[in-house]
Amino acid sequence: MNSNSVIFFEFYQNSKYPLKCKKSLGTDRGLYSKLDEIISISSRGKHTYMSWISWPERKWVMPKNTFGRQILLIIAVLCILLVSSYHLGWWNNLEAGAYDAWFRLRGPATSPEDIVIVEMDDNSVQELGRPPWPRDIHGKLLDKLADAKVVAFDFTFAAPTRPAEDEALAEAVRRHGRVILATSFTFEEENGEMYQVLRQPLAELLKGAQGTGFINFPTEQDNVVRRTIPMDVNMSNRPYPSFALATALAARGLTPGDMRPSAQGDLLAGEVRVPLDVGLQVLINFWGPARTFNYVPYYQVLNGEVPAEYFRDKIVLVGPTTALEQDYFPTPFTRGNMVLNSALPTPGVELHASALASYLTNSYFEQSPRWIDMIIIAVMVVLALLVSARGRAMKALIYICLILIGYTGLVGLIWWKLRLWLPVMTPVVSTVLTFLVATLHNYINEEMERRRVQGLFGRYVNPSVVDYLLENKDQIQLGGQRREVTIMFSDIRGFTSFSEGKGPEEVVAKLNEYLTVMTRVIFKYGGTLDKYLGDGIMAVFGAPLKQDDHAERALGASKEMLVRLQELNKSWQEKGELTFDIGIGLNSGEVVVGNVGSPERMEYTAIGEEVNLAARLESMNKEYKTRIIFSERTFTYLKRADEIRENCLKLGEAQVRGLVQPIAIYTIEEEGVAANDQ
């Protein structure tokens with residue numbers, strides 16, 4: 001059929017008084033409004049049927065779908081909120097916790113053998129007394145460590161003590177020649193102003209020391225140490241190294257003067273490379289929880305219980321580990337609250353050992369730039385939304401879990417192999433949040449769709465069919481679709497005479513009782529209730545759900561309708577009420593089904609010449625004194641025609657108004673079906 005096809009409508013108001021109205025309509029936009037007008041006019045009379053000759057090939061104009069715009073809006077809003085909140089640091093603690101988890105999953109690693117901690121532990125306190133110890137004792141310790149590559153003291157000698165003791169330590173420092181002394185930054189108030197002050201060792205000690213470095217460690221929002229400050233640039237025009245960096249430079253035979261910045265923003269000194277972030281800090285590597293490095297008690301070294309050869313060419317850090325000094329810090333390996341699992345806070349001297357080992361082995365961790373993190377978050381949001389937008393919730397959830405597992409595994413592998421810290425929690429939470437929002441959005445849309453489908457089909461089909469349509473939306477094609485169906489018309493015989501002399505309430509009550517039973521039968525066989533025609537019924541089998549056995553369903557429903565009518569008549573007889581009979585007409589063929597009407601009111605109906613033929617067959621039951629008449633077209637659609645042929649009675653060929661050629665008609669030879677004396 002080409003686009004210039006023409007529609008002809010032929011109307012019949014009552015079979016006795018035909019009102020022929022032919023209207024030629026083109027393919028312009030007025031076609032559908034004219035169709036509504038004609039339908040409105042035709043529905044005023046009783047038994048008004050519409051004859052469909054041809055239909056122009058024109059796609060229906062459906063309401064604009066806003067789903068895509070809603071998705072884009074959700075993507076934009078989520079990306080802006082999540083990226084902005086990440087940029088503002090709202091996710092820092094979550095990301096820091098995930099970063100710590102990587103260390104715990106990796107587990108302790110073997111610490112460098114050339115780094116040894118001489119600890120001022122509780123046993124040493126018992127042997128030597130409570131600190132501070134006389135400084136000549138530290139001088140004796142240096143003599144025991146004469147073969148060490150570098151000795152670094154993790155406590156300051158800022159205040160003078162007994163001159164002889166200070167001089168003994170100064171002489172030992174000069175004698176050793178490879179000693180790093182600690183300094184510390186403090187804040188002091190003067191005239192209402194706060195100043196940063198560097199507390200340095202005594203001048204006589206500085207003369208023999210190879211270098212100094214500050215021992216301050218930065219803590220983050222959760223008071224965990226993850227980074228160190230390699231240098232300070234506020235004290236002078238040259239970088240001032242930290243305690244660990246000064247020790248690393250001394251171990252490499254370098255001085256702070258050898259440090260220089262690189263084009264990439266790193267700090268270079270010989271083979272030592274320190275990648276600095278925007279805060280001039282660096283993520284250090286942690287080899288494990290507290291006491292992962294090699295520890296030797298102070299008193300055992302002083303008493304000669306540890307051979308001097310043990311310290312040859314090693315870097316020795318000397319620092320307190322007693323609880324009295326309160327020099328302990330949480331690290332990624334520390335487990336807080338009640339679940340410590342032996343992962344106690346780490347002594348400050350071991351933090352310096354971890355930073356020192358990171359400098360010497362170039363095994364730092366680096367955090368990805370913010371702009372990369374934001375791109376990752378945006379990509380995860382978009383990906384989660386694409387997965388969640390159209391799919392079923394459970395299926396989408398499986399995909400989301402696979403995405404999260406894959407991304408988390410990839411981030412863990414990158415952290416382990418490349419020592420690059422990528423965000424985990426923010427993308428994960430963003431993905432889950434996006435999934436929840438998209439699922440909620442889908443649920444709302446599906447609920448609206450359910451109500452729409454329920455509104456469109458709830459009055460016409462069985463509720464189970466509505467559920468099926470919701471699960472298989474691809475089978476719903478509204479606005480005009482060609483479909484092979486079987487049309488049923490049924491009408492009550494003698495209802496006019498039955499209604500005479502009775503009140504409208506009684507008539508309506510009995511009619512409702514009858515229509516309720518008949519509608520249930522139609523729904524039982526998968527039929528679609530097209531409309532009630534006063535005391536008549538029009539039903540369609542094979543739409544909106546495609547049914548290959550639509551003819552069998554229609555015939556089966558027709559037979560059961562007669563059975564149910566007999567039951568109704570019996571109950572009415574027992575009440576002393578009048579009974580009535582019905583006639584049913586069936587015809588099969590290709591029609592156009594879809595929603596027809598105006599925006600204010602639409603009805604799902606079937607249109608075509610096969611519809612008219614079914615209506616006329618129903619009225620022929622009076623002439624042939626039958627209850628069911630179906631056309632040869634329906635007979636040919638019966639899949640099991642051979643099995644029921646012996647029960648079919650051919651009534652002959654009838655000339656049907658509107659058709660040129662006569663058509664063969666049939667009925668069923670069963671008790672209560674073929675007999676009709678009314």
Side-chain angles (χ1 to χ4, degrees), residues 86 91-115 220 222 224-228 230 244 248 264-266 271-279 281-294 329-336 339 341-343 345-346 350-377 379-380 383 400-432:
Y86 182 78
W91 304 85
N92 286 353
N93 287 342
L94 281 176
E95 292 298 343
Y99 177 76
D100 297 346
W102 294 127
F103 280 102
R104 292 194 289 268
L105 288 173
R106 185 202 68 183
T110 303
S111 62
E113 293 292 333
D114 59 345
I115 298 178
E220 302 191 9
D222 53 0
V224 176
V225 174
R226 299 181 182 89
R227 293 175 170 86
T228 184
Q264 292 76 26
D266 299 339
E271 297 179 356
V272 177
R273 183 186 71 88
V274 183
L276 302 177
D277 59 20
V278 292
Q281 298 179 0
V282 61
L283 287 165
I284 60 178
N285 189 6
F286 291 91
W287 270 257
R291 310 192 74 83
T292 300
F293 283 81
N294 297 321
F329 300 89
T331 70
F333 279 98
T334 303
R335 294 181 181 271
V339 189
N341 292 336
S342 301
T346 301
E350 189 168 357
L351 289 182
H352 293 298
S354 296
L356 171 63
S358 299
Y359 295 139
L360 295 177
T361 60
N362 288 326
S363 58
Y364 321 95
F365 284 86
E366 298 184 56
Q367 189 171 8
S368 57
R370 285 277 178 173
W371 64 271
I372 291 181
D373 298 347
M374 294 178 184
I375 290 177
I376 292 175
I377 295 171
V379 169
M380 293 293 284
L383 185 60
I400 290 296
C401 291
L402 293 177
I403 290 173
L404 294 181
I405 293 173
Y407 174 76
T408 305
L410 178 62
V411 171
L413 184 64
I414 292 175
W415 181 91
W416 184 33
K417 294 295 185 180
L418 303 180
R419 294 193 294 275
L420 178 63
W421 178 10
L422 292 174
V424 176
M425 297 306 299
T426 310
V428 168
V429 174
S430 301
T431 302
V432 173

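Note that the structure is a prediction, hence the values are computed from the model and not measured.
Other residues, nucleotides and ligands contribute at most 12 non-hydrogen atoms within 6.0 Å of the CD atom of Glu271.
Residues Val411 and Trp102 meet the side-chain proximity criterion, which asks for heavy atoms closer than 4.5 Å. Residues Ser430 and Met380 have side chains not in contact (no heavy-atom distance under 4.5 Å, counting atoms from C-beta outward). Between Tyr407 and Thr431 the shortest side-chain heavy-atom distance does not fall below 4.5 Å. Taking 4.5 Å as the limit, some side-chain heavy atom of Val224 sits within range of a side-chain heavy atom of Pro332.
The structure places OG1 of Thr228 at 8.0 Å from CD of Gln281, a figure rounded to the nearest 0.5 Å. Rounded to the nearest 0.5 angstrom, Glu350 CD and Phe329 CZ are separated by 12.5 Å. Expressed to the nearest 0.5 Å, how far CZ of Phe293 lies from OG of Ser354 amounts to 4.0 Å. Here CD1 of Ile377 is found 8.5 Å from CZ of Arg370. Values are rounded to the nearest 0.5 Å.
Asp100 pairs by the salt bridge (Lys or Arg N to Asp or Glu O under 4.0 Å) definition with Arg226, not counting sequence neighbours. Here Arg104 pairs with nothing under the side chain to side chain donor-acceptor pair (under 3.5 Å) rule; sequence neighbours left out. Scored by the salt bridge (Lys or Arg N to Asp or Glu O under 4.0 Å) test, Arg291 finds Glu119 as partners (sequence neighbours excluded). By the side chain to side chain donor-acceptor pair (under 3.5 Å) test, Thr361 is found to be paired with Ser363, residues two or more places apart in sequence or in another chain being considered.
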Could you pull out all donor-acceptor pairs under 3.5 Å where a side-chain atom in residues 414-429 meets a protein atom, sequence neighbours excluded?
unit_1, atom_1, unit_2, atom_2, d
Arg419, NE, Tyr364, O, 3.0
Arg419, NH2, Asn362, O, 3.2
Thr426, OG1, Glu95, OE2, 2.6

Let me have the donor-acceptor pairs involving side chains of residues 108-115, under 3.5 Å, with sequence neighbours excluded, atom names and distances please.
unit_1, atom_1, unit_2, atom_2, d
Ser111, OG, Thr292, O, 3.3
Glu113, OE1, Asn294, ND2, 3.4

Q. Going through the distances and angles, do Ile403 and Leu383 end up as a side-chain contact (heavy atoms from CB on, under 4.5 Å)?
A. CA-CA 9 Å; Ile403 290 173; Leu383 185 60; 3.9 Å; yes

Q.
Between Arg227 and Ile284, does the side-chain contact (heavy atoms from CB on, under 4.5 Å) criterion hold? Intermediate values first, please.
A. CA-CA 6 Å; Arg227 293 175 170 86; Ile284 60 178; over 6 Å; no

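Listed for the Thr331 side chain is a donor-acceptor partner under 3.5 Å among the backbone atoms of Phe333.
Of the N and O atoms on the side chains of Asp373 and Ser368, at least one donor lies less than 3.5 Å from an acceptor on the other residue.
Between Pro230 and Val282, the shortest heavy-atom contact is CG-CG1, 3.7 Å.
In this structure, the ring of Phe103 has its center less than 6.0 angstrom from the ring center of Phe365.
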